[in-house]
Amino acid sequence: MSYSAWFESVAGGDRRFPLNEVIYRDPATGALLEVVHDLEALGRRSAAAWMRLFDERYGRTSWPYGSGVWSKHEWVQPHVQPENVVSLYEGNTNLFWAERYGRTIGLEDLWVKQCGTSHTGSFKDLGMTVLVSSVKQMISEGKPIRALACASTGDTSAALAAYGAAAGIPVVVLLPKGKISAAQLVQPLANGAIVCSLDTDFDGCMRVVQHLTEDPHIYLANSMNSLRVEGQKTISVEIVQQFDWEVPDWVLVPGGNLGNVSAIAKGFSMMKRLGIIESLPRLVCCQAERANPLYLAYQRARAADRELAEGDFTPIEAGDTLASAIRIGHPVSLPKAIRALVETRGVVEQASEDELADAVARADRTGMFNCPHTGVALACLEKLVRRGTIRKDERVVVVSTAHGLKFTEFKARYHERKLEGLECTYANLPLEMGREPAEVSAQIHRALDARGV
Ligand SMILES: *Cc1c(COP(=O)(O)O)cnc(C)c1O
C-alpha cells in the first residue's frame, strides 16, 4: 500500500517517529505524540472514490474491512498488515433518530450514535482494535513486547482485556478500587487479564502505569498512546457516512481524559482536508460537574473574553460522580482537546448529578438505555438548547459512549430512589402482586389508569 503515517510531537517540530516504535512522548520535549498521515498520498484518491470505497466495504464480510474501523484502513494504520489486525468487527453502530426524546426538548433532528452497542459495551473498542493490532504487527516484526497495560476507569480495561485475549497477548489492568461498576470489573477477569485493584483514584492508577511502562517490554495502552485516537476518529467518518456524507451541525461527547473529543475533531478535520466535507460541526465536550477541569478552564477563558488556551487550565481532584468513566481531574489529552475545541468553535458544558441522572431516565423512557456518561451529554444538550446556543432547526448528534447494561447498579439505585441527595424524578418500580389472574389484571388496569392511558 502506498499510504503512510508516522508519529509527530503535538507541540510541533518536524521530527518523525515510526508507528512501530515503542514511544509515547517526544523524547526531546516530553510532549505527547500524534499520528500524522501522508495527506498528499491520500489526496491522490478523489473524495468521491474514498466515499465509494468506504460504502462498498460497509458492514461486509471481507476481512478486515467489515469492521467499522478497518473499513477505513488506509486512514487509520496503513502499515498494519491485514493478517495482524485484531478485530471483533467493532464500529458500524446504529445512528438512532431520537425522535421522541428530541421532541421533548424541542429538537426535530436529534440523533444518538450508539457507540456502546459494541463487543465490550463501550466505544473504547474502536481505539483498542487499532492499538492491539499495531502491537501484533510489532510483535510479528520481532519487537520483544511482553504484555499490554493500562490504567482505567473501567471501559478501557474491558476493551484491552478482550482484544488482548483475542490476540493472545497478556494484559495487565490497573483499576481504582471500588470506583468501577461490577460489569466493568468482571470483564477483564473473565478475559483472563492480570487485574490490579489499586487503593487510589484513576489519576493515581495513571501515575503507576506510566512508571510500569517505562519498561519497554510492557506496552502502554492508555489514550496517551495516540494510536487509539486513530480508531476513535472513525466515529466521525461513520456519522457522516450514515448521513449520506453530510455533516451535522453539532456533535456532543462526554469528556474525561479528553482523548475522544480530540479524536472526533481529528476525524472531521481529516474529511475536510480530503474534500469529503466542506465544513466542520461544532463540538461540545460534556463534563460532570464533579470532574470538570476543562469546563472551569473554558469559563476562565470566556470571562477574559479570549480563546481557550492551555494556560487557562489547572488540574483538580475529581469528585465522586455517577459518571465514573469520566471521573478524571488531570486529563492526559488536554492539549489535543483544546486544539480540537478551538478548531471546531467548540463549547464545554457541565451537568450535575441530578441533571445527568434525570436526563438518562427521561431518554430511557423514549426507548434508549443510556449510561451515565451519555446522560451527561444529554443533560448538557438540554441546557444548550434552552439557552439557544443550539438552535431548534439544527442537526445534532450525541455520541453515546457506553451501553447502559454496564451500569445497572446506577440504574437500579435510581429507580429504587437510593441515590443519596437525588430527586430520581422518573423512578419506576415493579408492582408487587399475587398470583390470582383476576386480581393481577385489575391491578394492571389501575396502573394504566394512573398513567392516564
Ligand atoms: C472513556 C469514556 C469516556 C470519555 O472519553 P475520554 O477520551 O476519556 O474523554 C466517556 N464515556 C465512557 C463510557 C468512557 O468509557
Side-chain angles (χ1 to χ4, degrees), residues 5 7-12 19 24-26 31-37 39 69 72 75-77 113 115 122-124 126-128 130-131 150 153 155-156 206 220-240 250-273 277 280-287 291-295 297-298 301 307-310 312-313 315 325-326 328-349 373 376-377 380 397-399 401:
F7 286 126
E8 270 180 28
S9 163
V10 289
L19 295 183
Y24 319 108
R25 290 183 182 276
D26 179 352
L32 288 183
L33 300 174
E34 66 185 331
V35 176
V36 176
H37 289 265
L39 286 180
V69 172
K72 319 291 185 293
W75 290 32
V76 171
Q77 290 284 278
K113 176 70 172 156
C115 295
S122 93
F123 72 158
K124 296 291 199 291
L126 302 171
M128 212 49 88
V130 172
L131 182 133
C150 74
T153 52
D155 288 329
T156 297
M206 197 64 220
L220 175 69
N222 276 97
S223 60
M224 212 184 105
N225 183 328
S226 58
L227 292 177
R228 276 182 42 206
V229 165
E230 296 309 292
Q232 302 289 153
K233 80 181 181 198
T234 62
I235 294 173
S236 314
V237 187
E238 233 175 77
I239 289 172
V240 169
W250 293 89
V251 176
L252 290 87
V253 60
N257 225 358
L258 306 179
N260 286 297
V261 66
S262 44
I264 288 169
K266 187 172 185 185
F268 284 111
S269 170
M270 203 161 162
M271 281 186 283
K272 184 157 179 265
R273 291 170 73 181
I277 58 175
L280 298 175
R282 294 184 68 184
L283 294 193
V284 183
C285 181
C286 306
Q287 294 210 296
N292 65 351
L294 186 65
Y295 176 80
Y298 178 76
E307 212 163 62
L308 178 62
E310 270 183 68
D312 295 310
F313 180 85
I326 54 175
I328 293 172
H330 195 171
V332 162
S333 296
L334 178 85
K336 291 184 194 173
I338 288 182
R339 209 175 50 188
L341 290 166
V342 169
E343 187 185 2
T344 61
R345 296 190 302 128
V347 170
V348 186
E349 189 48 77
H373 323 89
V376 170
C380 291
V397 177
V398 170
V399 176
T401 48

Peer 1: In chain order, what residues pass the side chain to side chain donor-acceptor pair (under 3.5 Å) check against Ser269, with sequence neighbours excluded?
Peer 2: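 For Ser269 the side chain to side chain donor-acceptor pair (under 3.5 Å) partners, ignoring immediate neighbours, are Glu343.
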
Peer 1: Side-chain contact test, heavy atoms from C-beta onward, threshold under 4.5 Å: evaluate it for Leu334 versus Glu310 and give yes or no.
Peer 2: yes

Peer 1: Donor-acceptor pair, distance only, cut-off 3.5 Å: does the side chain of Gln287 make one with the backbone of Leu294?
Peer 2: yes

Peer 1: Search all heavy atoms of Ser262 against all heavy atoms of Ala340 and return the closest pair with its distance.
Peer 2: CA-CB, 3.9 Å

Peer 1: Report the residues that fulfil side chain to side chain donor-acceptor pair (under 3.5 Å) with Asn292, sequence neighbours left out, ordered by chain and then residue number.
Peer 2: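 Gln350.
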
Peer 1: Specify the closest pair of heavy atoms between Leu220 and Leu131, including all atoms of both residues, with the distance to one decimal.
Peer 2: O-CD1, 3.9 Å

Peer 1: To check you understand the geometry: which heavy-atom pair defines the closest contact between Ile326 and Pro254, and what is its length?
Peer 2: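 Minimum heavy-atom contact is CD1-CB, 4.2 Å.
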
Peer 1: Can you tell me how far CD1 of Ile328 sits from CE of Met206, rounded to the nearest 0.5 angstrom?
Peer 2: 9.0 Å

Peer 1: Would you check if Tyr298 and Leu341 make a side-chain contact, meaning some heavy-atom pair closer than 4.5 Å?
Peer 2: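 Heavy-atom side-chain distance check fails, nothing below 4.5 Å.
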
Peer 1: Where do Val130 and Val69 land on the side-chain contact (heavy atoms from CB on, under 4.5 Å) test, with the steps shown first?
Peer 2: CA-CA 8 Å; Val130 172; Val69 172; 3.6 Å; yes

Peer 1: The test is side-chain contact (heavy atoms from CB on, under 4.5 Å); show your working for Asn222 and Tyr24 and say whether it passes.
Peer 2: CA-CA 10 Å; Asn222 276 97; Tyr24 319 108; over 6 Å; no

Peer 1: Look up atom CG in Leu308 and atom CZ in Phe313, then write down how far apart they are to the nearest 0.5 Å.
Peer 2: 10.0 Å

Peer 1: How close do Trp250 and Pro281 get, counting heavy atoms only, and between which atoms?
Peer 2: N-CB, 4.3 Å

Peer 1: Could you tabulate the donor-acceptor pairs under 3.5 Å formed by side-chain atoms of residues 227-235, not counting sequence neighbours?
Peer 2:
from: Arg228; atom 1: NH1; to: Ala221; atom 2: O; distance (Å): 2.7
from: Glu230; atom 1: OE1; to: His37; atom 2: NE2; distance (Å): 2.7
from: Glu230; atom 1: OE1; to: Lys233; atom 2: NZ; distance (Å): 2.5
from: Glu230; atom 1: OE2; to: Lys266; atom 2: NZ; distance (Å): 2.5
from: Gln232; atom 1: OE1; to: Gly127; atom 2: N; distance (Å): 3.0
from: Gln232; atom 1: NE2; to: Phe123; atom 2: O; distance (Å): 3.3
from: Gln232; atom 1: NE2; to: Asn260; atom 2: OD1; distance (Å): 2.8
from: Lys233; atom 1: NZ; to: His37; atom 2: NE2; distance (Å): 3.2
from: Lys233; atom 1: NZ; to: Trp75; atom 2: O; distance (Å): 2.5
from: Thr234; atom 1: OG1; to: Gly231; atom 2: O; distance (Å): 2.7

Peer 1: Just to verify, what does Glu307 make a side chain to side chain donor-acceptor pair (under 3.5 Å) with, not counting sequence neighbours?
Peer 2: none

Peer 1: Stepwise, does the side-chain contact (heavy atoms from CB on, under 4.5 Å) test hold for Leu283 with Ile264?
Peer 2: CA-CA 9 Å; Leu283 294 193; Ile264 288 169; 4.0 Å; yes

Peer 1: Check whether any side-chain heavy atom of Leu280 lies under 4.5 Å from a side-chain heavy atom of Arg345, and answer yes or no.
Peer 2: no

Peer 1: Arg339: what forms a side chain to side chain donor-acceptor pair (under 3.5 Å) with it, not counting sequence neighbours?
Peer 2: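 So Arg339 forms a side chain to side chain donor-acceptor pair (under 3.5 Å) with Glu34.
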
Peer 1: What distance do His373 atom NE2 and Ser122 atom OG have between them, rounded to the nearest 0.5 Å?
Peer 2: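 One finds 9.5 Å between NE2 of His373 and OG of Ser122.
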
Peer 1: Taking only residues two or more places apart in sequence or in another chain, which ones pass ring pair (Phe, Tyr, Trp, His ring centres under 6.0 Å) with Tyr295?
Peer 2: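 Applying ring pair (Phe, Tyr, Trp, His ring centres under 6.0 Å) to Tyr295 gives none.
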
Peer 1: So which atom in Ser333 and which in Leu32 form the shortest heavy-atom distance, rounded to 0.1 Å?
Peer 2: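 Here Ser333 and Leu32 meet closest at CA-CD1, 4.2 Å.
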
Peer 1: Rounded to the nearest 0.5 Å, what separates atom NZ in Lys124 from atom OG1 in Thr401?
Peer 2: 7.0 Å

Peer 1: So Ile277 and Val240, do their side chains get closer than 4.5 Å, heavy atoms only?
Peer 2: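 SC-SC contact between Val240 and Ile277 confirmed.
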
Peer 1: Write down the atom of Ala265, the atom of Thr344, and the distance for their closest heavy-atom approach.
Peer 2: CB-CG2, 4.3 Å

Peer 1: Atom CE of Met128 and atom SG of Cys150: how far apart are they, to the nearest 0.5 Å?
Peer 2: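 One finds 5.5 Å between CE of Met128 and SG of Cys150.
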
Peer 1: Picking from Val348, Val251, Val253, what satisfies side-chain contact (heavy atoms from CB on, under 4.5 Å) with Val261?
Peer 2: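 Answer after filtering Val348, Val251, Val253: Val253.
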
Peer 1: Apply the test side-chain contact (heavy atoms from CB on, under 4.5 Å) to residues Leu258 and Val332: give CA-CA distance (whole Å), side-chain angles for both, the deciding distance (0.1 Å), then the verdict.
Peer 2: CA-CA 7 Å; Leu258 306 179; Val332 162; over 6 Å; no

